Amino acid sequence: MRDVVVIGVGMNKWGELWEKSIRDIYVEAALAAIGDAGVDHLDSMIIGCMSGGLFVGQEHLGSLMADYLGQKNLAASRVESACASGGLAFKMAYLEVASGFSDIVMASGVEKMTDVSGDGATFALATAADQEYEVFHGATFPGLYALMATAHMHKHATTREMLSAVAVKNHNNGSMNPYAQYPFKTTIDEVSNSVMVASPLRILDCSPITDGAAAVILTTVDIAKKLGKPIIKIIGSGHATDTIALHSRADLTTLKATTVAAQKAFKMANKTIKDINFAEVHDCFTIAEIIVTESLGIFPAGKGGEAVLKGETGLEGSFPINTSGGLKSKGHPVGATGVAQIIEVVKQLRGTAENGRQLKRQPKIGMAQNMGGSGGSTLVHILEVA
Amino acid sequence: MFPARAHREYPQRYRLEAGKCKKCGKILFPKRLICPECGHREFEKVILPDAGKLLTFSVIRVAPSQFTDQSPYAIGIAELTNGVRLFAQVTDCDVDALKVGMEVRIEFRRIQTDGHHGVISYGYKFVPKWY
């Protein structure tokens with residue numbers, strides 16, 4: 001397999017974009033990425049989208065987006081793995097360049113979530129859970145992560161304050177991200193006293209409903225050098241699944257697919273967690289960030305919450321997590337999230353993260369972890385700057 | 001709820017029918033065509049026990065539209081006495097008094113309705129034992 005480099009990134013300001021269609025949102029991000037890369041053509045494009053059908057009644061997104069992007073007759077595909085669709089798009093684009101099948105491929109993601117009511121969005125998102133054995137009984141996504149939170153708090157004495165500290169940190173980071181949907185700062189008290197959604201999770205424990213897109217351009221080392229781009233290589237790619245139903249898992253306090261995907265990525269990269277300088281992780285809920293950091297091996301089981309409270313995952317901490325603001329503050333247009341995580345990793349490795357959130361000790365190796373549903377699918381990617 | 005979709009789940013929802021792998025003994029609910037533990041493809045029908053203990057729970061306060069009239073309601077995962085785990089609502093209880101480890105029994109209840117003329121869906125819910 002050939003080495004593959006990320007040479008361009010692009011996204012738009014995320015939010016409730018009522019004036020823009022899914023096409024507009026997608027094309028804006030794609031044009032930004034193509035412009036940043038400086039390429040004159042694409043050989044192929046992959047789009048991660050969870051549910052164009054339920055959110056805007058539109059499938060067949062590969063052809064639609066290639067058309068609206070002005071890429072006549074281009075090979076274009078849409079891939080889906082619930083909230084990990086973006087991470088999956090990145091993997092497929094990586095494989096396409098690594099295999100030698102194509103030289104310049106765009107990995108992208110999009111979701112237009114506010115053309116339906118809150119109830120419609122809840123319904124669409126719930127299709128990522130087990131329809132017959134979870135959703136049928138009244139499960140919601142906050143509810144499923146709440147079950148993990150209750151179990152984690154019971155087993156490890158994780159506290160309300162620890163959950164709130166995740167939101168406080170991510171909103172602080174997001175306040176420096178010009179693309180974030182909710183760049184406001186918050187406090188432990190504000191999060192801990194916000195409206196209850198599914199106990200113990202409150203509204204400020206939850207990532208928002210978001211319209212947004214993100215795109216990155218992947219190519220070979222040779223083309224990257226010709227274009228004069230920094231060499232940011234994909235050195236590890238791991239992908240794993242778990243049971244879609246939470247109750248079918250032996251342990252409710254860890255995320256096995258995340259652990260397995262990370263192990264695969266580390267093996268491929270010939271690295272361990274100690275070699276990684278920072279990570280973007282899937283904080284769809286505050287408890288998710290805590291469990292993910294433990295499942296990745298950044299902190300021992302049960303110590304993730306304490307680490308956040310001590311500031312270890314902050315911008316100045318020993319292992320910065322979600323410097324972009326994470327899903328919590330940046331927003332969570334589900335299909336775009338995995339690609340936006342890669343954008344933040346690339347910005348940090350280039351040293352170009354905006355408004356003072358650039359890590360002071362210039363990082364060399366970063367990681368992105370993107371998961372679908374209640375952890376039923378996970379993609380982990382490791383990038384290194386030469 | 002399309003009637004065929006409701007109908008094919010009756011054995012599980014009405015009678016708690018599960019499949020026990022004839023090779024390794026793993027009990028699968030719902031039944032499957034291949035055992036995820038050993039790959040065997042022959043199963044015998046078993047009925048799940050109606051008692052277990054609560055492993056975790058949450059009280060849903062922002063509910064999907066079919067469940068707004070029941071909100072707030074509790075959901076949970078229970079481990080039954082034979083080790084099988086199920087997801088269901090926890091009902092007939094003070095939702096603020098739920099505890100991990102609490103003993104529950106399974107009862108047959110109405111789960112959701114599809115408007116005035118649609119399918120009424122029944123199934124199982126957990127009821128804390130001390131009620």
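Just so it is clear, the model here is predicted, and its values are computed rather than measured. Below, chains carry the letters A, B, ... as their sequence lines are ordered, and counting in each starts from 1.
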Determine the option with the most heavy-atom pairs under 4.5 angstrom with chain A, choosing from B:Pro72, B:Ala74, B:Ala63, B:Pro30.
B:Pro30
Against chain A, work out which of B:Val84, B:Val59, B:Leu55, B:Ile75 has the most heavy-atom pairs shorter than 4.5 Å and name it.
B:Val59
Considering non-hydrogen atoms only, spot the tightest contact between B:Ile111 and A:Phe136 and give its length.
CG2-O, 3.3 Å
[X] versus chain B, heavy atoms under 4.5 Å apart: side chain, backbone, both or neither?
{"X": "A:Ala126", "result": "neither"}
{"X": "A:Leu246", "result": "both"}
{"X": "A:Ala121", "result": "neither"}
{"X": "A:Val135", "result": "backbone"}

Does CG belonging to B:Leu33 count more than 12 external heavy atoms closer than 6.0 Å?
no
Any chance CZ of A:Phe123 has more than 12 other-residue heavy atoms, nucleotides or ligands included, within less than 6.0 Å?
no
Does any backbone or side-chain atom of B:Phe57 lie under 4.5 Å from a heavy atom of chain A? Answer side chain, backbone, both or neither.
both
Let me know if B:Leu86 has heavy atoms under 4.5 Å from chain A in its side chain, its backbone, both or neither.
backbone
Show me, pair by pair, the donor and acceptor atoms from chain A and chain B that are under 3.5 Å apart.
| unit_1 | atom_1 | unit_2 | atom_2 | d |
| --- | --- | --- | --- | --- |
| A:Asp119 | OD1 | B:Ser65 | N | 3.1 |
| A:Asp119 | OD2 | B:Ser65 | OG | 3.0 |
| A:Glu132 | O | B:Arg13 | NH2 | 2.7 |
| A:Glu132 | OE1 | B:Arg13 | NH2 | 2.8 |
| A:Glu132 | OE2 | B:Arg5 | NE | 2.8 |
| A:Tyr133 | OH | B:Glu9 | OE1 | 2.4 |
| A:Tyr133 | OH | B:Gln12 | NE2 | 3.2 |
| A:Phe136 | O | B:Gln112 | NE2 | 2.8 |
| A:His137 | O | B:Gln89 | NE2 | 3.0 |
| A:His137 | NE2 | B:Tyr124 | OH | 3.3 |
| A:Gly138 | O | B:Tyr73 | OH | 2.7 |
| A:Leu147 | O | B:Thr56 | OG1 | 2.6 |
| A:Thr150 | OG1 | B:Phe57 | O | 2.7 |
| A:Ala151 | N | B:Thr56 | OG1 | 3.4 |
| A:Val197 | O | B:Arg61 | N | 2.8 |
| A:Val197 | O | B:Val62 | N | 3.2 |
| A:Ser199 | N | B:Ser58 | OG | 3.4 |
| A:Ser199 | N | B:Val59 | O | 3.0 |
| A:Ser199 | O | B:Ser58 | OG | 2.7 |
| A:Ser199 | OG | B:Val59 | N | 2.8 |
| A:Arg249 | O | B:Arg85 | NH1 | 2.9 |
| A:Ala250 | O | B:Arg85 | NH1 | 3.2 |

